[in-house]
Amino acid sequence: MVRIAFFGPQGTFTEQAARVLAGGEELFPVETIPAAFEAVRSGAADGACVPVENSVEGPVTATLDSAVDGDPLVAVAEALLPIRFTVLVGADRDPVADPPRTVASHPHALAQVRGWLGEHLPGAEQLVASSTAAAAVGVLDGEYDAAVVAPVAAEHYPLKTFATDVADLADARTRFLLLRTPGTLPEPTGADRTSIVVAAANRTGSLAGLLTELAMRGINLTRLDARPVKGDYGTYRFFIDFEGHVTEPRIADALAAMRRRSMSVRFLGSHPRADGVTATIEPGAGNDDFVAADAWVEAVRKGELA
Ligand SMILES: O=C(O)C(=O)C[C@]1(C(=O)O)C=C[C@@H](O)C=C1
């Protein structure tokens with residue numbers, strides 16, 4: 001039986017994403033994002049579902065760091081979920097007569113409801129939990145008075161709903177990845193995303209040079225994040241996402257050029273985009289153009305063309 005680990009416990013947004021991404025595979029929760037990676041690396045799971053970025057709070061740094069520490073894993077699929085929260089309190093609490101004094105959640109969740117908490121629970125101390133669902137467990141255990149959770153958590157835990165549809169920004173979304181060990185790549189669809197992490201030399205123009213390789217080939221960048229290299233103050237790795245699939249000649253050409261320009265590149269996957277946005281192809285930068293240009297060089301080498 002194929003088993004997929006997800007960042008849990010039960011009732012996280014990540015579990016919802018895993019249900020979208022895992023076609024009937026058995027799901028099991030793990031407590032942390034590094035544990036989800038480790039489950040695949042150790043062979044305890046065949047895949048893992050983790051959050052990677054949120055449209056309000058940005059990158060999920062535990063996911064980025066786990067992608068570089070340890071054996072390579074690749075993303076084979078992604079899901080994009082709209083994010084709106086439910087606030088839960090203990091089953092016996094009357095939240096109007098006895099307002100919560102503490103409210104807990106994942107840091108990304110707290111950041112997305114800062115305004116709402118300031119208005120509706122101004123006196124409550126905000127505490128960080130390992131995930132939204134872990135905050136619900138904390139309310140059950142008497143550790144916190146309230147939890148900011150995914151709507152499905154209300155079905156998993158015997159708690160009282162204090163508020164629903166909570167979000168400071170109506171259009172908030174989080175993107176999630178399904179990770180596996182490197183192997184068969186998903187087929188290209190024309191609406192794909194490729195992800196790499198690059199260690200660029202600490203030299204003038206080295207990052208600009210890498211990005212220029214994409215720009216020169218008309219490849220649209222979709223994300224750029226920097227993370228510090230641990231234990232080496234002032235040096236960074238760059239997480240670069242762009243449109244296209246590694247099996248396309250134009251993408252392969254760009255990857256090879258970036259490989260030449262950097263100290264190291266780790267391929268993090270090519271997979272269909274959840275939003276279905278098709279790749280922009282600039283004039284002269286299509287796959288056919290690359291193939292035709294290579295054929296022309298080959299003909300010149302053979303003396304068939306002047
Ligand atoms: O705690 C959860 O429910 C998660 O799945 C994590 C996470 C995140 O990392 O951003 C996912 C979606 C929401 O943006 C809030 C928290």
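Numbering of ligands and ligand atoms starts at 1, following listing order.
- Between E78 and R223, no side-chain nitrogen of the basic residue sits less than 4.0 Å from a carboxylate oxygen of the acidic one, so the salt-bridge criterion is not met.
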Atom pairs, nitrogen or oxygen, ligand 1 to protein, under 3.5 angstrom:
residue	atom	partner	partner atom	Å
ligand 1	1 (O)	T132	N	2.8
ligand 1	1 (O)	T132	OG1	3.1
ligand 1	3 (O)	F13	N	2.9
ligand 1	3 (O)	T132	OG1	2.4
ligand 1	5 (O)	T14	N	3.0
ligand 1	5 (O)	T14	OG1	2.5
ligand 1	14 (O)	Q112	NE2	2.9
ligand 1	14 (O)	T174	OG1	2.8

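- In the hydrophobic clustering of ILVMFWY residues, with side-chain heavy atoms under 4.5 Å counting as a link, L211 and F239 come out apart.
- A salt bridge does not link R41 with E38: every distance from a Lys NZ or Arg NE/NH1/NH2 to an Asp or Glu carboxylate oxygen is 4.0 Å or more.
- Electrostatic pairing of D65 and R227 counts as a salt bridge here, judged by a charged N lying under 4.0 Å from a carboxylate O.
- Look at D241 and R175 and you find a salt bridge, because one of the NZ, NE, NH1 or NH2 atoms lies within 4.0 Å of a carboxylate O, short of that distance.
- Through direct or relayed side-chain contacts under 4.5 Å between Ile, Leu, Val, Met, Phe, Trp and Tyr, L169 connects to V56.
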